[in-house]
Amino acid sequence: MQQEEVEKYRKAQEIASEVIRYAKSIIKPGMKLLEIAEKIESKIQELGGKPAFPTNLCINEIAAHFTPSHDDETKASGLLKIDLGVHVDGCIIDTAFPLDLEDNEENKKLIEASEEALSAALKIAKPGIEIWKIGQKIQEIITKKGFSPIRNLSGHELGKYKVHAGITIPNYNNNNKTKLKKGVYAIEPFSTNGQGIIYEGKPSGIYRLKEKKPVRDKMSRKILNFIETEYKTLPFCSRWLIEKFGTRILFSLKQLEQQEILHQYPQLIEKGHGKVSQSEKTIFINDKTETSTKIANWFF
Ligand code: CO
């Protein structure tokens, strides 16, 4: 990694930490998710970064991939997960934290489980460790608290302009003997009092460019060019495009999805409709040094 890139990660990380502090200070029960998402995303830009993906705001049994649509009225409640990404020229920091917005004992325990699983995983995520061991640690801690990890959601390597690149980091012992090597990774344990499996629910309004193909419709072509320039291979949402071009782009999005130029992510729902907590941090792994959540400690 070049020094220049290190600086970009450092900046993205500073912005992410600041935005987490900010988000924790503004989120209150009953606040519209739309307002929360917009404030978080504006803050990221105000601090000189860009959102690496639309802010995910998932309540209770929704584990991932919910971002408010442009006219969403949903209010913050229950066990809320805030999953946000910051990038500086494609260098991504992916991070998430849970909040209990109803002063509920079970929520608090679920939060404790995902938080403790994350800290334990970060402690053992050293260069050369086989990834099943990280999964096993996460599983062990969450299970000990009487809950289940979500097995079909996992941490992941982060690449330039890629939220999911290379290897995945399991949330249970999947017997995968791949060794952790130099790179940037997001570790994200999910704890639930449900079945520990998610299924694909309704469309989320979150998309990413899948494959560029020729487009005949003028408006769709314009939108596609904008997507390519602005987001490259990073996820974006209909809300962002509507803000810029108005609701007429919904038709183009539909067309581009039908032509398999865009992929739309489904919402991910816990199978037993259990509550879900999620904790996530991005770490830097070098072949020489200790793992760190601070790029400052990453030597090259
Ligand atoms: Co992630």
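Ligands are counted one by one from 1 in listed order, and the atoms in each one are counted from 1 as well.
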- Just how far is it from atom CG of Leu57 to atom CD of Glu35, taken to the nearest 0.5 Å? 11.5 Å
- When you check the side-chain N and O atoms of Glu115 and Ser279, is any donor under 3.5 Å from an acceptor? yes
- Pull up every protein N/O/S atom sitting under 2.8 Å from the Co ion (ligand 1), skipping waters. Asp94 OD2, His156 NE2, Glu188 OE2, Glu280 OE2
- Task: Assess the pair His87 and Phe53: is the distance between their ring centroids shorter than 6.0 Å?
- Result: no
- Message: Can you confirm whether or not the ring centre of Tyr207 sits under 6.0 Å from the ring centre of Tyr265?
- Response: no
- Could I get the full list of salt bridge (charged side-chain N to carboxylate O under 4.0 Å, His left out) partners for Glu102, not counting sequence neighbours? Lys275
- Message: Please confirm whether the ring centroid of Tyr172 lies under 6.0 Å from the ring centroid of Trp132.
- Response: no
